[in-house]
Participant: 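First the structure, which I've put down as structure tokens, then a few questions once you've had a look.
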Number of protein chains: 2
Amino acid sequence: MLSAVSSSLLTFHKPFTRALRLPLPKLPISSNPKPLSSLSPATSSLIPNATGGGRAGALSPAPATDDLQKIDVNPPKGTRDFPPEDMRLRNWLFYNFREVSRLFGFEEVDYPVLETEALFIRKAGEEIRDQLYCFEDRGNRRVALRPELTPSLARLVIQKGKSLSLPLKWFAIGQCWRYERMTRGRRREHYQWNMDVIGVPEVTAEAELISSIVTFFKRVGITASDVGFKVSSRKVLQEVLRRYSIPEALFGKVCIIIDKIEKIPVDDIKNELKSAGVSEEAIEQLLQVLSITSLTKLEEILGEAGEAVADLKQLFSLADKFGYSEWIQFDASIVRGLAYYTGIVFEGFDRGGKLRAICGGGRYDRLLSTFGGDDISACGFGFGDAVIVELLKEKGLLPELSLQVENIVCALDPGLQGAAATVATILRGKGQSVDLVLENKPLKWVFKRASRINANRLILVGDSEWQRGMVSVKVLSSGEQREIKLDELE
Amino acid sequence: MLSAVSSSLLTFHKPFTRALRLPLPKLPISSNPKPLSSLSPATSSLIPNATGGGRAGALSPAPATDDLQKIDVNPPKGTRDFPPEDMRLRNWLFYNFREVSRLFGFEEVDYPVLETEALFIRKAGEEIRDQLYCFEDRGNRRVALRPELTPSLARLVIQKGKSLSLPLKWFAIGQCWRYERMTRGRRREHYQWNMDVIGVPEVTAEAELISSIVTFFKRVGITASDVGFKVSSRKVLQEVLRRYSIPEALFGKVCIIIDKIEKIPVDDIKNELKSAGVSEEAIEQLLQVLSITSLTKLEEILGEAGEAVADLKQLFSLADKFGYSEWIQFDASIVRGLAYYTGIVFEGFDRGGKLRAICGGGRYDRLLSTFGGDDISACGFGFGDAVIVELLKEKGLLPELSLQVENIVCALDPGLQGAAATVATILRGKGQSVDLVLENKPLKWVFKRASRINANRLILVGDSEWQRGMVSVKVLSSGEQREIKLDELE
């Protein structure tokens with residue numbers, strides 16, 4: 001069931017790079033065994049860039065060498081092409097993102113893939129900042145290919161100001177970029193589905209967002225035994241830090257350090273926290289709290305008065321009403337790696353434990369003021385296109401997606417090419433998709449193509465039928481064939 | 001009928017830029033009159049980046065100034081945001097591009113928006129090359145945001161080589177970029193719909209491509225009295241140049257010079273051609289031929305043996321069979337501004353004469369060899385998202401696209417928020433879209449929101465009905481209201 005589709009979408013880097021330098025007597029790759037050029041040698045002699053390598057149709061002198069290029073036929077390192085089979089999978093995935101968003105009443109938005117670098121510059125030591133795909137444009141402005149969509153959303157919300165009716169429920173599917181100096185076998189771009197609720201301070205918003213992701217998982221066949229959500233709140237850390245009178249300016253930095261807890265040794269975490277100015281006592285308490293996975297235990301330590309416990313309790317209560325209790329669990333170690341989260345944070349994980357986080361999100365009530373706007377309560381999530389495809393592959397849930405064209409129309413005689421065009425136009429006018437055979441090909445070839453495109457019907461335009469205003473229609477599943485009048489063709 | 005949608009999509013540059021620098025006691029823009037932050041002052045005191053400008057909830061000291069940024073709330077110069085109303089128009093346009101492509105049996109593909117610069121470097125003096133949005137990445141590689149999709153297609157076709165079954169019929173909708181040093185009020189990005197046929201040397205391919213564009217126009221309400229196609233063949237120029245023994249290496253350059261014929265004075269064209277090495281006699285003949293708009297006249301001058309006339313005659317004959325004769329006309333002055341075209345070239349224009357070309361395309365049988373592949377016959381077109389929207393606006397054909405959510409679900413009591421979540425989940429499970437009211441709001445507000453999202457039904461979850469397992473359903477068009485059992489809700 002697993003085809004070339006998935007493997008290409010899963011590939012993070014190409015194993016090798018094929019580069020061509022011209023002129024060469026023999027090229028290391030042969031793209032097409034039979035060049036189909038229609039140009040006679042006489043005609044082609046005036047065409048630029050015809051290379052003089054003994055190739056058919058290139059009888060003219062070799063062109064000036066400055067027209068020749070060394071071309072790598074692979075996409076740039078860390079990026080992907082989407083040939084038809086991969087594009088079908090991408091479209092299927094995006095269709096499900098869009099359908100879920102529609103069911104939840106969210107409106108689609110988009111922002112430029114290129115933004116000013118300043119939009120993404122935060123000082124908390126985030127990985128996303130270190131890996132910014134930034135550069136100077138031809139006008140010497142610092143710009144960046146967006147690493148995430150949320151700052152652009154914040155920018156647009158500030159720009160639109162009073163004209164917006166809150167709450168906003170917006171979703172976007174956009175390509176995001178990162179640049180890593182070291183090769184770690186990771187891609188430099190991915191697509192990310194975002195859903196955000198702007199203007200709702202209540203935890204109902206987070207509960208709704210998680211419900212939409214659960215709805216997505218169910219649609220594509222993923223169950224609560226395949227994946228789960230780990231949920232916590234940054235207010236847990238806040239409440240601990242407040243006990244030790246740690247200045248608020250440290251909060252984002254502390255979160256970013258703690259987020260690395262499963263990636264680097266705990267002693268390094270401790271040292272980083274110490275360097276950041278957190279006392280040893282506070283560090284011990286922090287680490288102790290982070291190991292809690294029971295809300296009751298959390299309440300024992302933090303007391304029942306704080307917002308952290310109250311928010312989490314409400315979220316778990318709502319999860320029950322939404323019907324996804326079995327999907328979520330409390331885990332104080334979840335902090336997320338973005339500096340701007342302020343409340344509930346969550347991430348989707350595979351229960352097999354093999355994959356990175358599938359998606360993640362949280363509340364970011366204070367982001368707008370960092371850009372100079374008035375703050376508005378907000379929460380959202382990002383859901384990438386890479387890990388989900390790995391998971392679907394692993395679970396055998398990747399769909400079989402094949403090209404499907406309803407009709408193939410073919411002239412049986414070169415002189416009937418125009419007649420075939422008429423037939424194709426009639427069918428297309430009735431909403432039928434048609435692959436019109438544009439060359440004169442033997443029937444055997446036509447049947448092979450019909451099979452490749454999964455056509456339902458083969459419509460042959462032959463001379464004797466055409467003179468009677470008819471065409472021959474063959475239903476390919478049954479083999480049934482009959483003549484149909486042109487004006488009865490549907 | 002024309003809303004904010006169209007004007008924003010039509011705007012090529014913003015009239016001014018609003019930049020914010022923090023901290024400021026009063027901000028020049030106010031994004032939201034009533035900040036909805038849920039955080040109490042006590043809670044917010046631990047949150048980073050809370051600015052100390054007297055804003056509610058910011059009782060803590062101002063953060064370190066290096067956390068403050070000057071943020072321009074507009075997207076970078078020459079780029080667009082797509083707020084919901086603009087996104088609906090974009091989705092409508094892309095839907096029509098996709099539907100037409102589907103009717104013609106084309107498969108969707110995509111390529112990275114970022115490519116190596118070398119892919120776009122051609123030496124013919126094209127505008128597209130001069131305006132390349134190129135830069136050096138953090139690994140000191142020369143890369144570019146793609147100005148067009150065709151070179152990436154050629155790269156992918158070479159890469160896939162023998163695995164492809166010709167002919168390919170591929171389409172793509174991708175964002176393309178350009179960088180102009182001078183401000184000419186033009187955008188730096190646009191989306192382009194491309195359709196390409198790879199592997200068909202016959203003119204049937206061009207005829208099919210033009211048919212697909214005509215089909216698109218008809219779908220969106222544009223007629224043959226609104227727009228037309230000017231068609232010629234680069235072989236016309238070839239045949240003239242051959243008479244004067246002008247070397248083939250000049251061909252691309254000559255085409256690019258001639259393409260400027262309507263933009264710069266004819267004497268400048270003559271001088272450029274002379275500088276390129278074309279004799280005065282040849283220049284006179286070229287300019288004479290370019291003024292021809294009758295195929296009969298062209299045949300008189302070029303003779304009937306050449307491919308230029310034969311191709312064009314066949315195309316016009318096929319146009320008749322496809323049923324779009326009234327849409328196309330021969331015009332020898334059409335050359336197109338890309339160096340790689342080799343045969344038929346065409347462009348869509350508005351008969352009102354106010355707009356730039358709507359779309360354009362042609363045959364490029366020799367492109368692959370310039371990248372080191374074996375040549376394969378190919379033709380295609382590009383169709384941008386800017387001029388078509390201007391035309392639709394001018395003709396009053398922009399669609400009314402509003403948000404439409406089928407249901408709005410609202411709890412009448414804060415304690416019933418979970419019940420409302422249950423109701424929303426049931427409806428969504430049945431494929432119904434639901435805007436769930438996430439806050440406790442007065443009914444007046446809920447009705448206003450229901451109207452804004454064009455909801456069909458308002459579903460109210462009240463205590464007494466809920467205890468009986470029922471909800472109150474109001475059909476908003478008729479005002480009819482009744483109680484429905486939860487398990488009968490559809």
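Naming convention: chains lettered A, B, ... in sequence-line order (proteins, then strands); numbering from 1 in each chain.
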Participant: Side chain, backbone, both or neither: which part of Arg452(A) has an atom under 4.5 Å from a heavy atom of chain B?
Facilitator: side chain
Participant: Any side-chain heavy atom of Leu103(A) within less than 4.5 Å of one from Gln432(B)?
Facilitator: no
Participant: Which residues pass the side chain to side chain contact (heavy atoms under 4.5 Å, CB included) test with Ala455(B), sequence neighbours left out?
Facilitator: Ile408(B), Ala450(B), Ile453(B), Leu476(B)
Participant: If you compare all heavy atoms of Leu318(B) against all heavy atoms of Gly418(A), which two are closest, and at what distance to 0.1 Å?
Facilitator: CD2-CA, 3.9 Å
Participant: Quick check for you: among Lys321(A), Arg234(A), Arg428(A), which has the greatest number of heavy-atom pairs under 4.5 Å with chain B?
Facilitator: Arg428(A)
Participant: Between Glu439(A) and Pro201(B), which heavy-atom pair has the shortest distance, and what is it?
Facilitator: OE2-CD, 3.6 Å
Participant: Which residues satisfy the ring pair (Phe, Tyr, Trp, His ring centres under 6.0 Å) test with Tyr133(B), sequence neighbours excluded?
Facilitator: Trp177(B), Tyr179(B)
Participant: Do Leu436(A) and Phe322(B) touch side chain to side chain, with heavy atoms closer than 4.5 Å?
Facilitator: yes
Participant: Let me know if Val100(B) has heavy atoms under 4.5 Å from chain A in its side chain, its backbone, both or neither.
Facilitator: neither
Participant: With a 4.5 angstrom heavy-atom cut-off, is it the side chain or the backbone of Leu145(A) that approaches chain B, or both, or neither?
Facilitator: side chain
Participant: With a 4.5 Å cut-off on side-chain heavy atoms, are Asp81(A) and Tyr111(B) touching?
Facilitator: yes
Participant: Find out whether Pro75(B) and Gln159(A) are in side-chain contact, i.e. whether some heavy atom of one side chain is under 4.5 Å from a heavy atom of the other.
Facilitator: yes
Participant: For each of Glu406(A), Gln417(A), Lys448(A), Glu208(A), tally heavy-atom pairs with chain B at distances under 4.5 Å, and name the one with the top tally.
Facilitator: Glu208(A)
Participant: Below 4.5 Å, heavy atoms only, C-beta onward: do Pro83(B) and Glu107(A) meet side chain to side chain?
Facilitator: no
Participant: Is it true that Asp72(A) and Arg155(B) make a salt bridge, defined as a side-chain N closer than 4.0 Å to a carboxylate O?
Facilitator: no
Participant: Of Ile158(A), Leu156(A), Val157(A), which is the lone residue that meets side chain to side chain contact (heavy atoms under 4.5 Å, CB included) with Val73(B)?
Facilitator: Ile158(A)
